[in-house]
Amino acid sequence: MKEPQTLRIHDTLTDTLQPVLPADGKRVGFYCCGPTVYASAHIGNFRTFIVQDVFRRVLELSGTPVKHVRNITNVDDKTIKASQDQGQSLNEFTAYWTEKFHADCAAMNLLGPQIEPGAVEHIAEQIEMIRVLMEKGHAYRAEDGSVYFRVESFPQYGRLSKVSERELTTTTTARSEDEYDRDSLADFALWKAAKPEDGDNFWESPWGSGRPGWHLECSAMSTKYLGPGFDVHSGGIDLTFPHHENEIAQSEACTGETFARLWLHVVHLMVDGRKMSKSLGNMYTLDDLKAKGFLPAEVRYGLIAGHYRKHLNFTLPGLEAARPNLQRLARLDRQLHEAAGHPKLPKYAALCKRDNNPDALGRFAPAFASLLDNLNVPKALGETFRAAGELEKQPAAATEADYFGLRVLLEALGLELPPVEVEEAPEEIRALAEARLQARADKDFAKSDELRDEILALGWRVKDVKGGYELEPA
RNA sequence: GGCGUGGUGGCAGAGUGGUCUAAUGCGCGGGAUUGCAAAUCCCGUAUUUCGUCGGUUCGAAUCCGACCCACGCCUCCA
């Protein structure tokens with residue numbers, strides 16, 4: 001028996017590698033900043049969500065349950081504006097895009113968070129937080145009815161992003177004048193007074209009608225579902241400042257307790273060596289890539305192929321590597337399944353309950369160990385293929401532990417393998433294939449090749465195997 | 001301007017003092033197999049080389065310095 005293994009990740013706050021352990025000794029409270037639902041999420045968004053998904057899977061597979069909360073931002077400037085442009089109510093509009101987001105997540109095999117709170121559904125909690133902040137002197141109401149957090153009332157401000165308040169004020173001052181009326185340009189909105197262009201998208205509060213500021217929803221909802229202090233908070237690297245900095249300030253000023261203990265930030269994705277942006281036309285959604293013939297599982301593979309702390313250069317030719325890799329893993333999976341005596345396919349939940357110590361993972365123990373080491377997915381993939389190479393050369397050496405090891409690893413990465421069973425071809429295609437088999441038996445190769453082309457034209461590829469053929473969609 | 005990250009083979013991407021003549025994948029080249037293919041399998045594929053120039057060290061892709069280059073955040077963009 002080896003020692004139990006603990007996942008360690010890089011923590012932004014301390015800039016060190018930290019073990020991920022539940023403070024309550026039971027399960028890790030994990031909060032992720034979710035999408036703003038006004039359009040399809042793009043692959044950059046998904047890189048972050050998928051890394052968070054892998055993080056959760058690795059924890060659960062190493063024996064630590066996770067309480068995963070991810071919010072839905074369903075009220076802000078963009079959602080309000082876009083819903084009005086569509087002539088829809090805010091609820092109707094955001095419900096549509098929330099559903100679309102869920103569909104994309106499911107296609108790429110993301111585990112759903114146990115709790116997925118929406119900002120609109122938590123207005124009361126947010127108002128309550130503002131009330132406490134006002135009471136404690138950390139917030140003030142401006143003339144227009146907006147409420148701001150007073151940054152200078154929170155001396156620790158800037159710890160996460162390493163921005164000193166002085167720099168912050170200087171840089172902010174250099175900007176154009178703000179439309180709101182706050183005491184210091186570093187201050188940020190907790191409550192935004194209703195404006196005419198918001199239409200009927202406003203709520204009543206003790207400070208007048210309006211809506212909560214963006215940062216506040218994450219503070220209010222994480223506190224509600226995970227408590228004032230919780231284990232891990234995650235998001236894209238760009239959220240470090242100001243979003244997460246502001247969350248810390250308002251939460252800690254309000255509750256007096258340490259907010260998140262660890263901060264997991266995912267570095268941005270690059271496309272063709274450049275930042276993804278609409279103007280460059282390189283802002284892909286899952287649908288865009290599906291239209292180009294890629295499968296969601298391949299997109300997922302492509303998005304985890306780089307370490308989360310480094311820029312990942314996403315390219316279409318690069319994505320093509322996913323298919324042969326997944327197919328190879330599928331063959332290996334089948335081979336090991338057979339070698340293990342055709343056990344029942346272990347479900348994710350069952351694998352989480354299993355003791356996945358290195359001895360139990362066979363040749364895939366180094367791959368899983370790489371994941372525990374700051375989620376080093378590229379290293380894990382390398383170790384996986386190294387093990388695969390050994391097993392392919394010596395199939396007889398395969399053990400049951402190898403099979404379970406591969407299963408654990410694939411589940412940790414959330415990779416769904418392409419089906420290996422031959423898809424049932426239509427009668428018409430089968431008849432052509434039979435005719436071709438006969439032609440080959442008759443050594444009439446001209447006719448045989450003709451039939452092969454005909455089958456291909458109908459969307460199927462025929463492969464010759466010993467004494468017969470196989471058909472697969474082309 | 002401030003803060004920060006990174007520059008490794010055709011591409012992607014591990015490796016952070018010696019086991020690196022640098023993992024792994026894709027691609028590419030050769031071979032086996034095949035009537036020819038496809039699929040599959042096997043072999044090879046950076047030949048003191050890891051942006052450049054110096055330095056530290058018995059020893060550096062890995063540490064230090066300078067420089068060049070790319071990129072990110074500082075804008076309610078993951």
Side-chain angles (χ1 to χ4, degrees), chain A residues 12 15 32-36 41-52 73 75-79 158 161-164 166-168 170-172 174-176 188-189 192 213-217 234-243 245-246 265-270 273-278 283 301-303 305-315 317-329 331 366-367 370 376-389 392-393 439-440 443-446 448-449 452-453 456 461-466 469-470 472 474:
Chain A
T12 308
D15 198 26
C32 299
C33 292
T36 301
H42 53 68
I43 56 170
N45 298 312
F46 279 114
R47 149 121 130 147
T48 297
F49 298 135
I50 291 173
V51 166
Q52 291 162 344
T73 297
V75 55
D76 78 325
D77 290 337
K78 292 192 293 278
T79 45
S161 53
K162 280 78 178 170
V163 181
S164 81
R166 189 164 162 273
E167 285 164 7
L168 182 73
T170 355
T171 52
T172 320
R175 292 182 197 301
S176 58
F188 56 90
K192 296 180 140 184
W214 172 45
H215 312 297
L216 190 59
E217 62 177 274
S234 177
I237 185 79
D238 58 305
L239 296 184
T240 310
F241 183 87
H243 185 55
E245 199 68 70
N246 292 352
H265 286 111
V266 182
V267 170
H268 278 350
L269 177 76
M270 313 290 289
R274 313 197 59 176
K275 179 180 177 170
M276 197 167 43
S277 76
K278 276 178 192 154
M283 206 164 198
Y301 186 99
L303 291 175
H307 189 94
Y308 77 90
R309 290 252 297 151
K310 282 179 113 176
H311 292 300
L312 168 69
N313 190 15
F314 186 93
T315 64
L319 188 55
E320 281 166 16
R323 185 162 303 173
N325 284 336
L326 288 171
Q327 283 173 345
R328 182 176 170 194
L329 291 172
R331 278 196 305 278
S370 300
N376 195 338
V377 176
K379 179 84 183 299
L381 287 171
E383 296 290 358
T384 299
F385 284 112
R386 181 206 290 279
E392 283 158 355
K393 274 177 200 156
R440 292 186 68 230
K443 306 243 183 268
D444 184 354
F445 297 122
S448 161
D449 290 350
R452 178 165 59 200
D453 290 345
L456 188 63
R461 178 173 291 123
V462 60
K463 298 194 286 192
D464 294 337
V465 297
K466 203 166 42 180
Y469 59 86
E470 278 177 8
E472 64 176 27

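Chain letters run A, B, ... following the sequence lines, proteins first and then strands; every chain starts at 1.
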K.L.:
Can you check each nucleotide of nucleotides 41-46 of chain B against protein heavy atoms at under 4.0 Å and return B for base, S for sugar-phosphate only, - for none, in 5' to 3' order?
P.N.:
SSS---
K.L.:
Could you give the distance separating B:rG30 and B:rG35 at their C1' atoms, to the nearest angstrom?
P.N.:
22 Å
K.L.:
Between C1' on B:rU33 and CZ on A:Arg440, what's the gap in Å once rounded to a whole number?
P.N.:
12 Å
K.L.:
When you measure from the side chain of A:Ser448, which nucleotide among B:rG25, B:rG35, B:rC74 comes out closest?
P.N.:
B:rG35
K.L.:
Quantified in whole Å, what is the C1' atom distance between nucleotide B:rG17 and nucleotide B:rU56?
P.N.:
12 Å
K.L.:
Would a 4.5 Å heavy-atom cut-off, applied to side chains only, mark A:Val267 and A:His311 as touching?
P.N.:
yes
K.L.:
On a whole-Å scale, what distance lies between the P atoms belonging to B:rG72 and B:rA38?
P.N.:
42 Å
K.L.:
Here's a test of your reading of the structure: between A:Lys443 and A:Arg461, which maps to the more 5' nucleotide of RNA chain B?
P.N.:
A:Lys443
K.L.:
Is a side-chain donor or acceptor of A:Asn313 paired with a backbone partner of A:Gly273 at a separation under 3.5 angstrom?
P.N.:
yes
K.L.:
Using whole Å, what does the distance between atom C1' of nucleotide B:rG72 and atom CG of A:Asp238 come to?
P.N.:
10 Å
K.L.:
Distance check, C1' atoms only: B:rG51 and B:rC69, in whole angstrom units.
P.N.:
7 Å
K.L.:
Which pair of heavy atoms, one from A:Met276 and one from A:Met283, lies closest together, and at what distance?
P.N.:
CG-CA, 3.5 Å
K.L.:
Give me the distance, rounded to whole Å, that separates B:rG15 from B:rC58 when you measure between the C1' atoms they each carry.
P.N.:
23 Å
K.L.:
Between the side-chain atoms of A:Arg323 and the base atoms of B:rC26, is any donor-acceptor pair under 3.5 Å?
P.N.:
no
K.L.:
Rounding to a whole Å, what distance do you find between A:Asp453:CG and B:rA37:P?
P.N.:
14 Å
K.L.:
For the pair made of NZ in A:Lys275 and P in B:rC74, what is the distance, rounded to whole Å?
P.N.:
7 Å
K.L.:
Can any side-chain N or O of A:Arg47 pair as donor or acceptor with the backbone N or O of A:Gly236 at less than 3.5 Å?
P.N.:
no
K.L.:
How close or far is atom C1' of B:rU16 from atom CG of A:Asn376, stated in whole angstroms?
P.N.:
13 Å
K.L.:
Under 3.5 Å, is there an N or O donor on one side and an acceptor on the other linking the side chain of A:Asp464 and the base of B:rA37?
P.N.:
yes
K.L.:
Mind checking what makes side-chain hydrogen bond (donor to acceptor under 3.5 Å, both in side chains) contact with A:Asp453, not counting sequence neighbours?
P.N.:
none
K.L.:
Pick the C1' atom in B:rA61 and in B:rU21, then give their distance to the nearest Å.
P.N.:
14 Å
K.L.:
Select one nucleotide: of B:rA38, B:rA78, B:rU24, the one nearest the side-chain heavy atoms of A:Arg386.
P.N.:
B:rU24
K.L.:
How far, in whole Å, is B:rU16 from B:rC63 if one measures between their P atoms?
P.N.:
10 Å
K.L.:
Quick one: list whatever passes side chain to side chain contact (heavy atoms under 4.5 Å, CB included) with A:His243, sequence neighbours left out.
P.N.:
A:Cys33, A:Trp214, A:His215, A:Cys218, A:Leu239, A:Glu247
K.L.:
Residues two or more places apart in sequence or in another chain: which of them pass side-chain hydrogen bond (donor to acceptor under 3.5 Å, both in side chains) with A:Arg452?
P.N.:
A:Asp449
K.L.:
Report yes if the side chains of A:Thr73 and A:Thr79 come closer than 4.5 Å at any heavy-atom pair, otherwise no.
P.N.:
no
K.L.:
Taking only the C1' atom of each, what is the distance from B:rG25 to B:rA70 in whole angstrom?
P.N.:
25 Å
K.L.:
Give the rounded distance in Å between these two atoms: CE of A:Met270 and P of B:rA78.
P.N.:
16 Å
K.L.:
Taking all heavy atoms of A:Gly158 and all of A:Glu245, pick out the closest pair and write down the distance.
P.N.:
N-OE2, 2.9 Å
K.L.:
Atom CD1 in A:Ile43, atom OG1 in A:Thr48: separation rounded to 0.5 Å?
P.N.:
11.5 Å
K.L.:
Students often get this wrong, so: under 4.0 angstrom with heavy atoms, is A:Phe445 touching a base, only sugar-phosphate, or nothing?
P.N.:
base
K.L.:
Strictly under 4.0 angstrom, non-hydrogen atoms only: write out the protein contact profile of nucleotides 4-13 of chain B, one letter per nucleotide from the 5' end, B, S or -.
P.N.:
--S-----SS
K.L.:
Within this structure, what is the CG-to-C1' distance between A:Leu326 and B:rG25, rounded to whole angstrom?
P.N.:
11 Å
K.L.:
Contact class for A:Met276 vs. all strands (heavy atom < 4.0 Å): base, sugar-phosphate, or nothing?
P.N.:
base
K.L.:
Closest to the A:Lys463 side chain: B:rA38, B:rC73, B:rG25?
P.N.:
B:rA38
K.L.:
Of A:Val51, A:Leu269, A:Leu303, which is the lone residue that meets side-chain contact (heavy atoms from CB on, under 4.5 Å) with A:Phe46?
P.N.:
A:Leu303
K.L.:
For the residue pair A:Gln52 and A:Ser234, confirm or rule out a side-chain donor-acceptor distance under 3.5 Å.
P.N.:
yes
K.L.:
Give each stem of RNA chain B as a range with a range, requiring at least 3 consecutive Watson-Crick or G-U wobble pairs whose two distances are under 3.5 Å.
P.N.:
B:1-7 with B:68-74, B:10-12 with B:24-26, B:27-32 with B:40-45, B:51-55 with B:63-67
K.L.:
Of the nucleotides B:rU24, B:rC26, B:rC36, which one has an atom closest to the side chain of A:Asp449?
P.N.:
B:rC36
K.L.:
I need the A:Leu326 CG to A:Tyr301 OH distance, nearest 0.5 Å.
P.N.:
6.5 Å
K.L.:
Sub-3.5 Å donor-acceptor pair from the side chain of A:Ser448 to the main-chain atoms of A:Asp444, do we have one?
P.N.:
no
K.L.:
For A:Arg274, report the nucleic acid contact type (base, sugar-phosphate, nothing); a contact means any heavy atom under 4.0 Å.
P.N.:
nothing
K.L.:
Rounding to an integer number of Å, can you tell me how far A:Leu381 CG sits from B:rG15 C1'?
P.N.:
15 Å
